[in-house]
Amino acid sequence: MATIASTPGASTPGASAPGTTARGRRPSGERTALLGWSAANLLILGISLVPLLWLVSLSFKTPASITDGSFIPNEWTLENYRGIFGESLFTRALLNSLGIALISTVLAVVLGSMAAYAIARLAFPGKRLLIGLALLIAMFPQISLVSPLFNLWRQIGIFDTWIGLIIPYLTFSLPLAIYTLSAFFREIPWDLEKAAQVDGATPLQAFLRVIAPLAAPGMVTTAILVFIFCWNDFLFAISLTSTEQSRTVPAAIAFFTGASQFAQPIGSIAAAAVVITIPIIIFVLLFQRRIVAGLTSGAVKG
Amino acid sequence: MADIVLDHVTKRFPDGRLAVDDASLSITDGEFVILVGPSGCGKSTTLNMIAGLEDITTGELRIGGKMVNDLAPKDRDIAMVFQSYALYPHMTVRKNMGFALALAKRPKDEINRKVEEAAQVLDLTEHLDRKPAQLSGGQRQRVAMGRAIVRSPKAFLMDEPLSNLDAKLRVQMRTEVSRLQNRLGTTTVYVTHDQTEAMTLGDRVAVLRSGRIQQVGTPTELYSRPATVFVAGFIGSPAMNFVPATLEEGELRTPFGTITPDDRQRRLLEGWNGGAAGGRSLIVGARPEHFEDAALEQVKDRPGPRFTVTVDVLERLGSDSYAYFTVAGGRARAADLEELAHDAGTVDLASGDPQIVARLDAVSRIREGENAELWLDTDQLHLFDPDTGRNLDAPAAT
Ligand SMILES: Nc1ncnc2c1ncn2[C@@H]1O[C@H](COP(=O)(O)OP(=O)(O)OP(=O)(O)O)[C@@H](O)[C@H]1O
Ligand SMILES: [Mg+2]
């Protein structure tokens with residue numbers, strides 16, 4: 001961990017030094033630029049955060065005050081949260097979401113690592129074709145796959161199962177994983193692997209003990225991206241499931257009903273949305289540093 | 001420890017590139033052999049084949065008497081030091097050095113003992129628990145060496161291990177490498193670009209050119225009896241001077257004047273049946289130290305041509321001086337020379353009259369920009385066939 005912590009620290013002084021001198025030379029121009037950037041950042045931050053905050057606010061409102069239009073709830077309540085966690089519709093969906101997303105992520109990272117490693121390191125016939133194909137699949141409109149999959153899944157009996165969702169998730173997240181990971185693998189000096197081999201490592205040992213730890217930031221990045229993709233998916237989840245057995249949260253939210261037939265379930269929906277945003281936020285905050293830090297510094301002459 | 005034998009080894013890359021062409025080299029147990037040659041001549045490829053990192057296309061590689069062509073690197077028991085050092089950035093120095101032993105599943109206390117011993121030798125003890133990123137270039141280089149020596153392997157392979165260091169550190173590490181090899185007595189193959197490393201480190205030096213081994217011999221042999229123009233031009237700094245010459249009535253007409261061959265040279269010239277077209281022109285090579293200021297006492301009575309040149313540049317180094325001048329008579333032409341010029345990056349200078357370098361005694365009074373009379377020691381001249389590039393004095397094809 002020392003390297004991870006020290007690397008950004010070590011690079012910062014070097015990176016900021018020119019900026020400091022420039023500021024010293026042209027204070028006024030620099031200040032205007034700073035102001036401009038701050039304003040732009042604040043604007044973007046505001047635009048992206050307002051809907052989220054609105055959602056949070058909604059989730060704490062009582063059903064009666066949902067439509068009162070005030071940003072800060074007049075009357076705070078945890079009733080919405082209590083409500084959704086009391087219903088198996090949501091709790092079971094949460095479990096499905098977690099399970100399906102985690103399994104898909106692990107599979108995508110493991111399979112993606114192998115494929116990306118091969119692409120980055122080996123010259124094999126059809127390599128360009130493979131890359132092109134992966135890109136093509138990633139660009140494929142998902143909606144066009146939904147009805148064929150629906151029919152196919154019902155026939156082979158994996159409709160409304162975890163595996164029935166994991167497969168299409170892998171289809172779309174593997175190309176992404178291969179892309180990000182091969183970029184990371186390419187960064188790792190080939191000599192390291194040769195050194196490991198000469199040191200007596202089998203190719204597998206060289207991969208597991210030298211390459212994989214160095215590609216860890218890349219794997220974490222990929223894992224987060226894949227997890228977010230699976231976690232957020234609505235299209236496949238709504239089309240390929242029919243019961244609580246495998247319905248994930250985004251799909252389950254659509255089945256929320258209000259307390260009475262005419263009451264809107266807005267509060268519960270907002271609460272559910274907030275709940276499923278939390279893991280993503282935790283993920284990103286937790287691994288932000290790892291994603292940014294380049295582990296390879298010091299491997300070769302700096 | 002073991003001997004290494006390359007028996008007609010050839011390497012052709014999948015793209016058709018012939019990187020090593022029919023190389024035969026026999027390295028005895030405990031010997032320190034240097035591979036030198038210009039960039040892209042196949043040094044690293046040769047080393048990688050010995051390590052097992054590249055397949056051998058044809059030929060046989062034997063280590064310790066055993067054919068190892070198909071053995072994986074891990075089963076060859078050979079340690080390699082890379083130009084980039086290739087230290088594992090996520091491991092401490094201790095882990096880096098002990099990695100091979102850990103893979104071999106040696107007991108922890110043995111690993112620790114060996115790593116600490118090696119660290120002692122290389123003066124790395126206080127850095128054992130730091131990561132490579134926290135070390136200086138020289139320290140990283142020592143860790144790379146340490147990683148090789150802890151294993152007590154059959155042989156060391158080093159691919160330009162010092163080329164990333166600054167000049168001063170390189171000199172220091174050079175003696176370090178030499179000391180280490182003497183002490184351990186492990187068979188070593190060492191790749192370098194550096195003249196001084198090639199001449200000072202090894203027991204024997206192999207000069208490579210476009211995948212072919214040109215000559216193998218002790219540094220002295222290569223220097224005093226180069227087999228080809230290429231070796232003659234590559235070994236030695238400043239490089240040997242080459243000028244064209246013609247053989248007329250038993251005498252050599254050179255830009256330095258007419259030279260009467262001595263007995264040795266006469267024998268060689270008689271044994272030589274002329275160039276490809278029966279031509280009588282050849283290339284004469286003279287090392288800078290074979291020139292001298294004709295005014296000096298020690299050369300007063302010695303035979304040999306004296307000629308007057310205008311000294312363009314004079315570099316006084318204290319111990320001696322280098323005089324640069326040109327002579328009329330054109331440039332010696334041979335494929336080898338063109339390749340040497342390419343490697344030295346002086347291709348664009350390769351027109352007009354050749355620049356000659358002479359090393360003169362420090363007491364010489366010659367001054368820059370003035371005319372000076374120089375003397376050439378003809379006993380030491382090398383004679384080359386311009387078509388084959390071979391030294392007339394070289395034993396038939398090696
Ligand atoms: N993987 C490869 N595929 C095709 N050709 C290659 C490959 N690796 C090296 N070569 C070619 O083989 C030749 C020898 O390369 P090598 O790396 O052995 O040179 P070198 O003597 O070590 O040069 P340098 O001093 O620059 O390191 C070069 O011309 C190079 O272009
Ligand atoms: Mg090389």
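Throughout, protein chains are lettered first and strands after them, A, B, ... in sequence-line order, and every chain is numbered starting at 1. Side chains are part of it too, since the values below use all heavy atoms of this structure and drop only hydrogens, waters and symmetry mates.
There is no contact between B/Asp77 and chain A, counting heavy-atom distances below 4.5 Å. For B/Ala72, no part lies under 4.5 angstrom from a heavy atom of chain A. Residue A/Ala123 does not touch chain B at all, counting heavy-atom pairs closer than 4.5 Å. A/Gln205 touches chain B through its side chain: at least one heavy atom from C-beta onward sits under 4.5 Å away, while N, CA, C and O do not.
The closest donor-acceptor contact from the side chain of B/His90 to the backbone of A/Arg209 lies under 3.5 Å. Between the side chain of B/Tyr88 and the backbone N or O of A/Ala196 there is at least one donor-acceptor pair closer than 3.5 Å.
Note: A/Gln197 CD to B/Leu103 CG = 11.5 Å, rounded to the nearest 0.5 Å.
For the pair A/Val210/B/Phe99, a side-chain contact is recorded, criterion being any heavy-atom separation below 4.5 Å from C-beta on. Looking only at side-chain heavy atoms (C-beta outward), B/Gln83 and A/Asp191 stay at 4.5 Å or farther from each other.
No more than 12 heavy-atom neighbours from other residues, nucleotides or ligands sit within 6.0 angstrom of CD on B/Gln120.
Residues A/Leu214 and B/Pro89 share a closest heavy-atom pair of CD2-CG, 3.4 Å. Nearest heavy-atom pair across B/Leu87 and A/Leu192 is O-CD2, 3.1 Å.
Considering only heavy-atom pairs separated by less than 4.5 Å from chain A, the leading option among B/Pro14, B/Ala100, B/Gly52 is B/Ala100. Contact count against chain A (heavy-atom pairs under 4.5 Å) is highest for B/Arg151 among B/Arg130, B/Met80, B/Arg151, B/Gln141.
Using a 4.0 Å cut-off between a side-chain N of Lys or Arg and a carboxylate O of Asp or Glu, B/Lys74 and A/Asp199 do not qualify as a salt bridge.
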